[in-house]
Amino acid sequence: MLTRFFLMGLDKKAGVLLTVLAVLAVAVPVMALGTAPDSPWHLSTHTVALLGKYLCFALLALSLDLVWGFVGILSLGHAAFFTLGGYAMGMYLMRQIGSRGMYGNADLPDFMVFLNWTELPWYWHGFDQFWFAAIMVMLVPGLLAFAFGWFAFRSRVTGVYLSIITQALTFALMLAFFRNDMGFGGNNGLTDFKEILGFDIQAASTRVGLFVATVAALAVGYILASAVVASKLGKVLIAVRDAESRVRFLGYETDRYKLFAWTLSACMAGVAGALYVPQVGIINPSEFSPASSIEAVIWVAVGGRGTLAGPVLGAVLVNFGKSYFTAALPELWLFALGGLFVLVTLFLPKGILGLAAQLRDRLPARATVSAKPADQKGV
Amino acid sequence: MHRAFCWLLAAFLALAAPASFAADLAPLVRGLGAGSYAETEKAIAGLAETGDPAVVPVIEALQAGDLHVRKADGAVVVAKRAGNGYALTDPLTGAALGEADRNAVEKIRINNALRRTISATLGALTLMSPDANTRRQAAEAVFKSRDANALDALNTALAKETDARVRRAMTQARASVLLAGDAPDADKIAAVEVLQERGDQDARALLNGAANTGSDAVKDAAKKAIASVEQRLALWGAAQNLWYGLSLGSVLLLAAIGLAVTFGVMGVINMAHGEMVMIGAYATFLVQEAFRQWAPGLFDFSILVALPVAFLVSGAVGVAIERSVIRWLYGRPLETLLATWGLSLALQQAVRSIFGPTNREVGAPSWMSGAFELGGLTITYGRLWIVVFAFLVFGALLVALRKTWFGLSIRAVTQNRSMANAMGIRTARVDALTFGLGSGIAGLAGVALSQIDNVSPNLGQGYIIDSFMVVVFGGVGNLWGTLVGALALGGVNKFLEPYAGAVLGKILVLIFIILFIQRRPRGLFALKGRAVEA
């Protein structure tokens, strides 16, 4: 029955996406480890890490689509959950450094020694165990989202107001994490990682392992999200998006549904962050900046809101574009990104996948106007 | 620098003073080079008796060891090293007397006893200076140094002083000297009272000293005085915080008020609002450049010219944005948010490409620089003008919305778009102009902010979140809400700062707003009725 629950949400799009992910999970390890370095098929460690980074962003975009595309909550603070997950993983990786740091202190990370701290703060305890960190990766963003959502949804803060306070949330976290006294490395954040689960974090095989883990996480996240969306609960969520008051009057406690989707989404974002940190090798407070949250929103918009597969595609495409532009034409990147925001909202309100669907609808019979999807009020 | 100034002053005084006066001084100056320390001291005393300010540079030269005797004729000269020899000048007139070999002059030596006499004489001479400011500075210097040698000079000067402010400074200086020295208790207690009246940090430090060292009577008086001074200081500290809060609040008001128009009146989230502010600041920069180029003499008026220019430029950009992007997105606030965010990125990059990523220099006109003291407060003119300006803009906007035809149209469209349309108001045009108005006000804010912040492409980014907080806190669609919101947030921020630090204070304010929104989801002054759900 559980299997049915998870599989019922899968459609053709899902099939394509999961197949692509499966191919990546096989092809990338083979190309990175099984080919000679001078072969044209060889993937460098750098490329593997880059691909892994894109897929982490894709998971973040997926989590954002779950709340924006299906519940109508535009979060401008999803990077907060992503970064918190990242910090949880970063703390584990910091503890793994042990006495190999600059100051050779077995218990304290370098930056604490530098600040003349003598004892590990209480919230750093337990992070030397991977299982603990792995739980925290989901628990910390989840709890924050739960508390935040509990208050916000119960007092019926919606629309623009909600967006602005999510932005305030991530901004406040950024300011907090920039402080040295917080015990998270201040400005510099956490970096200089050595190993994860006993594997050298720089080694090609570890990078490939992390990549495969990311692919797996994305696939699981996707299956989970599409199952939620296709379930009865998902129908209520979509109804909340389209006409919240009506759903409330029909007797549903909309804030609970919203809270569930919101918390689940935050946990997914946390996992994405946790996979992101070992692959890029650093986590610092600038990840909290409202700008990075808004950038994640554009990935979703480009790919197509409310399609699940679209945001995954959007995140990969936009970030590929970013890597290309910032290397080749750094001056033009912000123009391109800014233009993308404007063009997508003006001309592609349903994103790339929406456009594709529209074209497909029109092709067989040009005369008939395709049925318009339900008007999304207040979105 | 200081020395050069002294010489200029000396030269000036020498020119200004009657020739006979200078001639009277000349034999006395010559006496400085007579030989023994005792004779030098006598000559100094003679010079001091004249009370002539022209003497000051001579004695300063003596103090600095620049005064020499020319061996050939026994004349006293100022000798400065120039190449292998010395360049000689007359100590009184500053006239050049040619160069001399190193052996041709002999330095007038001074010992420690003489040094004390010299500094006391200098203090006395400046205390007697005809310029009230110089006298006051001299008194302040004595206050800080607590030099017992200056006491006699201070008493003499006090007897002659007529200017009330200088008199007060001298009385305080005298009190500080008395309190530090071994004066009788009665004098000390009187001094404590004088210092209590002064009531600032310096006075407290002096009183603390007295409370630890003096006799019991003095100690008691000093302790009482300290308590009173501390109370006063706390009061002024609160006033200072209030002023800082008002100042920050007015900056927030300036930044947020344009947003209140676009967000409140039109329901449009303009994430590019900060960039409108930035464009206003760059417009100021360009206007100032033009002034520097063509009319440097009128630089003080550049800000006044920049105001309309910034308003028009930002307003025009705003109208262009509304016509090209936003009008397609009415009724979809979240998508407007994304589109305007994109515009803000593009605008930032455009400015960065044109003007470069570094800060641009925007000067302050003379009437905006400097500061004045108000009791225990130091208020800079720049900040004061910004506060005044913020309220002027607020008032003008309020009048524009209430009393003009355009304002009436804006309100009509806000309240009921279709009805307004039916009554013949061209809503599309009102939309464009309203957006232009909001952006133009942001431009005005940019002129003001260019005076206190770095003019860089990132200028607007620093204000956008704060402005949103102000508008959301104050309540959308209500300008008074924006005013109260800005002042409240500014005040709270500044009052938290001394206790929590700047960053933590800001975090607390953000958390406060997040919680506040839970209680009142539509802000402090929420619109009621149908407009809420529109």
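Throughout, a chain's letter reflects where its sequence line sits, starting with A, and its residues are numbered from 1.
- Proximity to chain A (any heavy atom under 4.5 Å) is restricted, for B:Ser324, to the backbone atoms N, CA, C and O.
- Contact annotation: the side chain of A:Leu175 approaches that of B:Leu510 to within less than 4.5 Å [non-hydrogen atoms, C-beta and beyond].
- Note: B:Trp328 CH2 to A:Leu346 CG = 9.0 Å, rounded to the nearest 0.5 Å.
- Within a 6.0 Å radius of OH in B:Tyr244, other residues, nucleotides and ligands contribute 12 heavy atoms or fewer.
- Shortest non-hydrogen contact noted between A:Ser163 and B:Leu337 is CB-CD1, 4.5 Å.
- The contact between B:Leu338 and chain A is made by backbone and side chain atoms together, counting heavy-atom distances below 4.5 Å.
- The local environment of CZ in A:Phe151 is sparse, with at most 12 non-hydrogen atoms from other residues, nucleotides or ligands closer than 6.0 Å.
- Contact annotation for A:Val297: only side-chain heavy atoms (C-beta onward) come within less than 4.5 Å of a heavy atom of chain B.
- Interface remark: B:Ile517 contributes backbone and side-chain atoms alike to the contact with chain A (heavy atom separation under 4.5 Å).
- In this structure, CD1 in B:Ile513 is found 12.5 Å from CG in A:Leu169, a value given to the nearest 0.5 Å.
- Taking OG from B:Ser344 and CD1 from A:Ile294, the interatomic distance works out to 8.0 Å, rounded to the nearest 0.5 Å.
- Around atom CZ of B:Arg327, more than 12 heavy atoms belonging to other residues, nucleotides or ligands sit under 6.0 Å away.
- Atom CD1 in B:Ile514 sits 12.0 Å away from atom CD1 in A:Ile164 (nearest 0.5 Å).
- For the pair B:Leu334 and A:Trp68, the minimum side-chain heavy-atom distance is below 4.5 Å.
- When side chains are defined from C-beta on, B:Met469 does not count as touching A:Gln167, because their heavy atoms never get closer than 4.5 Å.
- Residue A:Leu162 does not touch chain B at all, counting heavy-atom pairs closer than 4.5 Å.
- Surrounding CH2 of A:Trp117 are more than 12 heavy atoms belonging to other residues, nucleotides or ligands, all under 6.0 Å away.
- No side-chain heavy atom of A:Arg156 sits under 4.5 Å from any side-chain heavy atom of B:Gln518.
- Within 6.0 Å of atom OH in A:Tyr252, 12 or fewer heavy atoms from other residues, nucleotides or ligands are found, so the atom counts as exposed in its surroundings.
- More than 12 heavy atoms of other residues, nucleotides or ligands lie within 6.0 Å of OH in A:Tyr123, so this atom counts as buried by the packing criterion.
- With a threshold of 4.5 angstrom between heavy atoms, A:Tyr161 approaches chain B through side-chain atoms but not through N, CA, C or O.
- In this structure, the separation between OG1 on A:Thr345 and CH2 on B:Trp341 is 14.0 Å, given to the nearest 0.5 Å.
- For A:Ala291, the parts sitting under 4.5 Å from any heavy atom of chain B are the backbone and the side chain alike.
- In this structure, B:Ile507 and A:Arg179 have side chains that are in contact, with non-hydrogen atoms separated by less than 4.5 Å.
- Shown here is B:Phe516, whose CZ atom has more than 12 heavy atoms of other residues, nucleotides or ligands within 6.0 Å.
- What you find for A:Val342 and B:Gly342 is that their closest heavy atoms are CG2-C, 4.4 Å.
- Atom CZ of A:Arg248 sits in a crowded spot, with more than 12 heavy atoms from other residues, nucleotides or ligands closer than 6.0 Å.
- Of the two parts of B:Leu504, the backbone and the side chain both hold a non-hydrogen atom closer than 4.5 Å to a non-hydrogen atom of chain A.
- Side-chain contact between A:Leu332 and B:Gln349: absent, with no pair of heavy atoms (C-beta onward) separated by less than 4.5 Å.
- For the pair A:Ser155 and B:Arg520, the minimum side-chain heavy-atom distance is 4.5 Å or more.
- Side chains of A:Phe341 and B:Leu345 form a contact here, defined as non-hydrogen atoms less than 4.5 Å apart.
- Heavy atoms of B:Ile465 lying under 4.5 Å from chain A belong exclusively to its side chain.
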